[in-house]
Amino acid sequence: MSQTTADNAAQDVADAQVKSDQNLADAQKAATDTITDNIATIADNIQNITDDIATLQDLADKNPGDTTIADKLSDAQQQLTEAEAAKTAAESDLDQVADQTTLADVADVVNDAADQVAQAQENENQAQTDVDDAQQQSATNLATAKDDAKEAINQNLSDIDDDITQITADIDALEQIASDNPTNTTIADKLADAKEQLAAAETAKDAAQQALDAIDEQTTLADVATQEKAGETALADADTAQQTADQDLATAQDEAAKDLVADQVAGKATVNETIKSIQDAITTITDDIATLTDLAAKNPADTQIANDLADAKEQLATAETALTDAQEQLAAIDAAKVPADVDLAVATAQTAGETAATAQTTANQDVSDAQTKHDANLAATKETATDTIQTIVDGLADNIAQITDDITTLQDLADKNPGDTVIADKLADAQNQLTDATAAQNDAQNQLDAIADQPTMAAVDQLVTQAQADQTAGSDAQTAADNDVTAAQTQSDQNLAAAKQAATDQMTNQLTQIDENITQIESDIDALEQIAADNPDNAQIQADLADAQEQLLNAQDERATVEDAQTKLADQTTLADVADLQTAADNAVKQAADAQTAADNDVTDAKAQVAKDLARDQADAKTAINQNIAVIQNDIDVIQDDIATLQDLVDKNPGDDTIAAKLADAQQQLQTAESALATAQDQLAAVDAAKVPADVQTAVDAASTAQTAADNAKTTADQDVTDAQAQHETNLAAAKATADDTIADQIAQMQDDLAAIQADVASLTEIAAKNPDDTLIAALLDDAKAQETLAQNKLADAQKQADAVADAPTMAAVTDLTDAVTQDAAATADALTQADRDVSDGQMKSDANLDAAKTAADVALADNIAQIKQNISDIQDDIATLTDLQDNNPGNTVIANLLTDAQTQLAESQQSLADVTNLANQVEDQPTLADVQKIVDAAQTQTDYSDGDATQAQTDVDKAQAESNAKLNGC
């Protein structure tokens with residue numbers, strides 16, 4: 001290279017260096033300007049955030065206790081801290097510009113400052129968002145407060161309306177009380193005060209309504225609370241007014257009660273005086289009634305006196321009613337609600353008193369009128385009584401004359417019926433009646449003589465009554481004497497009639513007895529004729545029959561004798577005549593009885609002859625019948641064997657109507673044979689009971705017929721066995737064919753069930769793989785496998801039963817094989833049900849495990865998030881500490897780098913928080929425990945990272961603090 005070239009190159013280097021220096025200076029100048037602008041921008045952000053904080057503080061003050069607004073204020077303050085940190089970082093970038101040696105270094109500083117501007121702007125945006133959210137929350141709070149206040153004030157208005165209603169009711173009651181007590185000024189004052197309370201309550205209602213109307217215009221919670229308080233105050237005022245009105249009413253009621261009590265005391269005194277006067281009037285009227293009652297008793301038929309008495313009683317009733325009315329007024333006064341009620345009761349009582357006084361005057365006049373009428377009645381009564389009793393005395397004389405005639409008649413009847421106490425008693429009684437009639441005549445004369453001295457109508461009437469009694473006694477005595485004659489005559493007639501009737505009755509009974517004798521003799525003759533017919537060769541029997549017939553004729557003759565005596569009874573006039581006829585009848589009865597005895601003896605003798613012949617025939621008959629019985633018993637034994645065979649076939653062929661019918665028929669044949677046996681056996685008794693040889697032959701014939709019936713029954717039962725056996729063979733073949741089809745179907749179903757169980761085992765195997773540590777699922781898998789083994793065993797057993805059908809000897813055996821397969825199929829179905837249940841329970845447990853794992857994961861990740869947030873908070877505190885240390889040590893790159901590192905740790909922890917939060921949102925979607933565990937593990941890893949970030953940030957603080965301390969100490 002030439003010198004020139006070298007020099008040129010050197011110059012180029014120098015120029016380039018100058019240019020480079022200039023570029024760097026320009027870049028530093030531009031960077032300084034840019035970062036200075038950035039710092040100004042961040043300062044604006046900080047001012048805006050400060051304004052937002054002021055707004056939020058005002059909102060918080062207006063919404064005390066609202067955590068949402070408080071949180072927004074806290075967040076805005078955090079944004080201010082972060083913006084101030086950004087401003088500090090930008091200022092640090094500005095300070096570093098001059099120290100940069102390359103354009104790239106300057107660009108890095110500018111870029112970092114730009115990042116701080118972005119951060120500060122983000123902080124301002126977030127603070128503004130906090131303001132917007134807080135304002136929205138404040139507006140919501142205000143709206144809610146207004147709604148609550150309106151509801152409360154509306155309730156206040158409703159309660160005030162209730163107060164007004166009550167006050168109005170109090171006023172209505174007070175107005176009524178005032179009307180009832182017009183002279184009581186206290187009551188009038190209370191009414192006026194209640195009306196004032198109504199005005200006060202209505203004023204309170206207006207105030208509450210004004211508070212309600214003002215709610216919508218309020219801008220703060222405090223303003224709303226003020227209006228709500230106004231509503232409460234209005235209600236309190238209305239409540240006070242209502243309570244005061246209630247007290248006004250109570251006081252007025254007390255006053256009215258006092259006035260009423262005074263009126264009641266005075267009114268009762270007046271009424272009691274009236275009651276006393278009425279009671280005096282009642283006493284006088286009662287005395288008048290006693291006098292009138294005596295006069296009426298002395299003049300029982302006098303209507304005027306009776307009417308006077310009735311009128312006096314009416315006057316008493318009127319007075320007593322008046323007394324009741326007056327007494328009731330005492331209760332009316334006690335029940336009075338107002339003074340007017342008391343005045344009405346007093347007036348009513350006084351009217352009753354006047355009524356009672358009038359009744360007393362009227363009763364007094366009734367007594368005077370009745371006494372005058374009584375005196376006139378007594379004189380007329382005595383005159384009438386004299387005439388009446390004289391007539392009675394004359395009548396008694398006639399009675400005595402008639403009784404005397406009756407005694408004469410009775411004496412004649414007693415003589416005709418000596419010893420008859422009834423007739424003798426009637427004669428004695430008639431003599432007593434004569435004595436009584438004579439006494440009655442004497443007494444009646446005494447009553448007639450006493451009339452002039454009687455002081456009262458009753459006494460005169462008693463004389464007449466006694467005379468009338470004497471008249472009745474005389475009449476009764478004559479009637480009794482007449483009756484004695486009639487009774488005695490009747491008794492005399494009855495004596496003869498009774499004797500005739502007794503004889504007639506006795507003879508009638510005797511005729512009945514003779515008829516019985518004749519009937520018995522006729523019966524004996526019938527028996528003897530039958531015996532003679534049954535034993536025609538026995539001469540003694542024929543002689544017995546002839547004698548019985550002769551006894552019948554004798555008895556009939558004796559009956560005619562009694563009939564003749566009975567016919568003659570009616571014409572007899574004495575008891576002796578009647579007695580003679582009865583004796584003749586008695587002798588005839590005895591002769592008839594003797595004839596019957598002779599006939600009875602004839603029958604006895606004939607029967608003895610018959611018994612000898614019958615015994616021989618009976619012995620021969622029993623021998624023949626016993627041979628019949630032996631044959632029938634053998635038939636029964638054979639039929640019973642047939643039935644046993646048929647029963648076995650029925651048991652082997654259940655439901656076969658043909659075989660069952662054969663068994664039923666054989667059983668019917670057995671009944672036929674047994675009936676034949678009973679019939680034959682009965683013939684032995686019939687032979688023993690036979691009375692004649694023909695009866696014996698009938699029994700022998702019946703036993704032979706019974707044997708024939710039994711033989712036919714045996715033949716029929718044998719054929720039933722043959723037919724049933726053939727039917728059995730047919731049934732067994734059909735049963736085996738049906739069993740083969742049924743078992744084949746069941747085995748096919750069991751194979752399907754086994755396949756389903758095997759599918760359940762596969763499902764549980766998969767579930768168990770997802771839950772490797774779950775013992776319940778493992779046990780369910782084992783149980784499902786056991787169900788698989790059980791199903792396999794049952795399938796094998798069913799196949800074994802199927803193979804055995806062909807060799808089954810009976811339908812029951814075929815049925816047992818089919819039932820065994822059915823049981824195997826049922827067991828297999830149960831195994832499938834259990835396996836399905838195992839799968840269901842396993843899946844449920846697996847789902848529960850996954851849910852539990854997810855819940856645990858949620859808890860774990862929540863703890864991770866809380867821990868990371870705590871780490872972030874700690875790192876933020878560390879950054880604040882580092883920021884203070886940097887501010888205290890401007891230009892110290894060690895502390896600046898440590899601050900930067902702490903900010904890096906913060907960013908990493910914030911990223912960890914975002915990652916864990918994202919993982920937490922994914923937990924619910926994980927299909928397996930392993931997937932959930934992966935999320936838990938990943939979250940824990942991020943938490944560990946965050947823990948490391950927090951530790952590193954704390955280390956940065958410790959180093960920066962040491963650096964600051966070293967600088968401070970001049971090291």
Side-chain angles (χ1 to χ4, degrees), residues 179-182 256-257 259-381 384 454-462 465:
S179 174
D180 293 337
N181 299 272
D259 289 348
L260 179 60
V261 168
D263 290 342
Q264 286 172 321
V265 170
K268 290 173 77 173
T270 300
V271 171
N272 280 325
E273 291 176 1
T274 301
I275 289 172
K276 178 62 171 62
S277 67
I278 295 172
Q279 289 172 334
D280 291 343
I282 289 174
T283 298
T284 299
I285 296 171
T286 301
D287 293 341
D288 289 341
I289 290 173
T291 300
L292 286 164
T293 299
D294 179 62
L295 291 173
K298 294 175 179 178
N299 298 270
D302 192 293
T303 56
Q304 177 188 325
I305 296 175
N307 290 338
D308 289 336
L309 173 59
D311 183 67
K313 289 179 178 179
E314 289 179 2
Q315 302 309 316
L316 177 61
T318 299
E320 289 173 340
T321 299
L323 177 61
T324 299
D325 290 343
Q327 290 171 331
E328 287 176 350
Q329 302 318 305
L330 294 174
I333 291 172
D334 288 335
K337 303 300 183 181
V338 295
D341 295 339
V342 176
D343 294 340
L344 176 60
V346 171
T348 300
Q350 289 173 336
T351 299
E354 294 169 358
T355 299
T358 300
Q360 176 184 344
T361 300
T362 302
N364 291 341
Q365 185 60 46
D366 289 335
V367 171
S368 177
D369 293 343
Q371 185 62 53
T372 299
K373 189 64 166 61
H374 164 70
D375 294 339
N377 289 342
L378 179 59
T381 298
T384 300
Q454 301 310 308
T456 66
M457 291 174 63
V460 174
D461 289 341
Q462 286 177 356
T465 299

Cut-off 3.5 Å, no hydrogens considered: what does the side-chain donor-acceptor table look like for residues 351-360, sequence neighbours left out?
unit_1, atom_1, unit_2, atom_2, d
T351, OG1, A347, O, 3.1
T355, OG1, T351, O, 3.1
T358, OG1, E354, O, 3.2

ask   = Does the pair D325 and Q329 meet the rule for a side chain to side chain donor-acceptor pair (under 3.5 Å), with working shown?
value = CA-CA 6 Å; D325 290 343; Q329 302 318 305; 5.7 Å; no
To the nearest 0.5 Å, tell me how far [X] [atom1] sits from [Y] [atom2].
| X | Y | atom1 | atom2 | result |
| --- | --- | --- | --- | --- |
| D369 | N307 | CG | CG | 11.0 Å |
| L295 | K298 | CG | NZ | 6.5 Å |
| E273 | I275 | CD | CD1 | 10.5 Å |
| T384 | D461 | OG1 | CG | 10.0 Å |

Can you list, pair by pair, the side-chain donor-acceptor contacts under 3.5 Å of residues 310-320, counting residues two or more places apart and other chains?
unit_1, atom_1, unit_2, atom_2, d
D311, OD1, Q315, NE2, 3.4
T318, OG1, E314, O, 2.9

inquiry  = If the condition is side chain to side chain donor-acceptor pair (under 3.5 Å), which residues does D343 pass it with, not counting sequence neighbours?
reply    =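 By the side chain to side chain donor-acceptor pair (under 3.5 Å) rule, D343 matches no residue at all.
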Identify every side-chain donor-acceptor pair in residues 282-293 under 3.5 Å, counting partners at least two apart or on other chains, and give the distances.
unit_1, atom_1, unit_2, atom_2, d
T283, OG1, Q279, O, 3.0
T284, OG1, D280, O, 3.3
T286, OG1, I282, O, 2.6
D288, OD2, N364, N, 3.3
T291, OG1, D287, O, 3.3
T293, OG1, I289, O, 2.6

Test side chain to side chain contact (heavy atoms under 4.5 Å, CB included) applied to T324 - qualifying residues, sequence neighbours left out = E328
request  = List for me each residue that meets side chain to side chain contact (heavy atoms under 4.5 Å, CB included) alongside D180, sequence neighbours excluded, and say none if there are none.
outcome  = Q176, V338
Quick one: closest heavy-atom pair of [X] and [Y], and the distance?
| X | Y | answer |
| --- | --- | --- |
| P182 | S179 | CD-O, 3.6 Å |
| V342 | G267 | CG1-CA, 4.2 Å |
| A345 | I333 | CB-CG1, 3.5 Å |
| A326 | V271 | O-CG1, 3.3 Å |
| A297 | P300 | O-CD, 3.6 Å |

message = Please determine whether salt bridge (charged side-chain N to carboxylate O under 4.0 Å, His left out) holds for the pair D308 and K373, giving the CA-CA distance in whole Å, both sets of side-chain angles, and the decisive distance to 0.1 Å.
response = CA-CA 11 Å; D308 289 336; K373 189 64 166 61; over 6 Å; no
Side chains of [X] and [Y], heavy atoms from C-beta outward: is any pair under 4.5 Å?
| X | Y | result |
| --- | --- | --- |
| Q371 | I305 | no |
| T348 | L344 | yes |
| N272 | L330 | yes |

Sidechain-backbone polar pair: S277 side chain, T274 backbone, donor-acceptor under 3.5 Å = yes
